[in-house]
Structures are given as C-alpha cells and as structure tokens.
Amino acid sequence: MSKFDELVWNKMRRIPRGRVTTYKQLANAINTRAYRAVGNACKRNPYSPEVPCHRVVKSDGRIGGFGGEMSGQRVMKKISMLKREGVHVKDGKVVEFNKKLFKFR
DNA sequence: TCACTATATCAGC
DNA sequence: GCTGATATAGTGA
C-alpha cells in the first residue's frame, strides 16, 4: 500500500453509479502516465465495493485483461454488477462506452 | 536493482 | 484498418 494507491482509489470512488472510466482518465486525474500502475493499484485494492475497479476499463471501452480473456469469469462477475448499474457489456466491451465514460475534473 | 504489470500510443504493413 | 513494438510509472521480490 502506498500513497499512489490511496490516490487511485480516491479518484475511483468518485465514479458515479452507471458510469465507467478509463485508466487513462485516472492517470490523467492523478497527473501521471502510469496507466499500468493505476490498474496495478486497483487489482490490489484491499477494499470492497468502495473501490469499483470493475468500473475502470480500457480506452477502447474493453474491460481490462485480467488473466486473459479466457479467465474473464471473474470479470464476468464485475460485468454483472455493471449491468445491474446500467452499464451493459457486450463482447467484453462497454455499450455506449463513449456516453458513459466519466471524465475526472 | 531487476522484472513484471488489469495500459496507451506510434509505426509499420 | 489491424498488428507489433515501444514508452512510461509504480510495485514486488
């Protein structure tokens, strides 16, 4: 756990329900280019739904690549949660991703 | 200090 | 337009 993690989680928590963001936006909000470090901190989040890492996707609108798309079963759980919030995921991609993309300000 | 990583971007084809 | 390789930042060992 480091300051960076807290910062990332702090930003991530700002994501409203039914909205998603990208690692790029997160990194931009933190003023860094460590896109991977952001995702790295996310997967290590010791918190519960307070840090919705499942609301963070790639710039393509695709869900992050965990242990490969084949192991997307755990991601499927997140997708289910996202769908419940109004964010539908089709073929591993967020529907209307461009509209649901939440930009940090 | 070295290597790996839940990405992004640029270049090449 | 798609695929491959490179750049960047941070963590863990």
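The shown structure was predicted, so the numbers you read here are calculated from the model rather than taken from an experiment. Below, read A as the first sequence line, B as the second, and so on, with proteins coming before strands; counting in each chain starts at 1.
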Write down the distance between NZ (A:Lys11) and P (C:dG10), rounded to a whole number of angstrom.
15 Å
Can A:Thr32 and A:Phe4 be said to form a side chain to side chain contact (heavy atoms under 4.5 Å, CB included), step by step?
CA-CA 10 Å; A:Thr32 186; A:Phe4 192 73; 3.9 Å; yes
N/O (side chain, A:Arg44) to phosphate O (OP1/OP2, C:dG12) under 4.0 Å:
yes
Has the side chain of A:Asn40 got a donor or acceptor that lies under 3.5 Å from a partner of the other kind on the base of B:dT5?
yes
Nearest of B:dA8, C:dT8, B:dA6 to any side-chain atom of A:Tyr35?
B:dA8
Quiz item: A:Tyr23 side-chain donor-acceptor pair to B:dA6 base, under 3.5 Å
yes
Spacing of A:Lys24 atom NZ relative to C:dT8 atom P, expressed in whole Å:
16 Å
Short side-chain N/O contact from A:Ser2 to OP1 or OP2 of C:dT11, under 4.0 Å
yes
Pairing check on B:dA11: which nucleotide meets the Watson-Crick or G-U wobble criteria with it, both distances under 3.5 Å?
C:dT3
Taking OP1 and OP2 of C:dT11, is either one under 4.0 Å from a side-chain nitrogen or oxygen of A:Lys43?
no
Rounded to whole Å, the CZ-C1' distance (A:Phe4 to B:dA6) equals 13 Å
Distance check: side-chain N/O of A:Ser59 vs OP1/OP2 of B:dT7, anything under 4.0 Å?
no
Is A:Arg55 salt-bridged to A:Glu85, cutoff N-O under 4.0 Å?
yes
Between B:dT7, B:dT9, C:dA9, which nucleotide has the shortest distance from any of its atoms to the side chain of A:Lys58?
B:dT7
Among C:dG10, B:dA8, C:dT11, which nucleotide has an atom closest to any side-chain atom of A:Thr32?
C:dG10
Intermediate values then yes/no, side chain to side chain contact (heavy atoms under 4.5 Å, CB included), A:Phe102 and A:Gln25:
CA-CA 8 Å; A:Phe102 178 75; A:Gln25 294 304 323; over 6 Å; no
Is the closest side-chain heavy-atom distance between A:Val8 and A:Met12 below 4.5 Å?
yes
Quick one: A:Asn28 CG to B:dA8 P, roughly how many Å, whole number?
12 Å
Looking only at the side chain of A:Cys53 (C-beta and beyond, no hydrogens), which of the listed nucleotides B:dA6, C:dT11, C:dG10 gets closest?
B:dA6
A:Ile30 CD1 to B:dA8 P, straight-line distance once rounded to whole Å
13 Å
Mind calculating the distance between CG (A:Leu7) and C1' (C:dG10) to the nearest angstrom?
13 Å
How close or far is atom P of C:dG1 from atom CG of A:Asp60, stated in whole angstroms?
14 Å
Salt bridge check: are A:Asp91 and A:Lys93 linked by an N-O gap of less than 4.0 Å?
yes
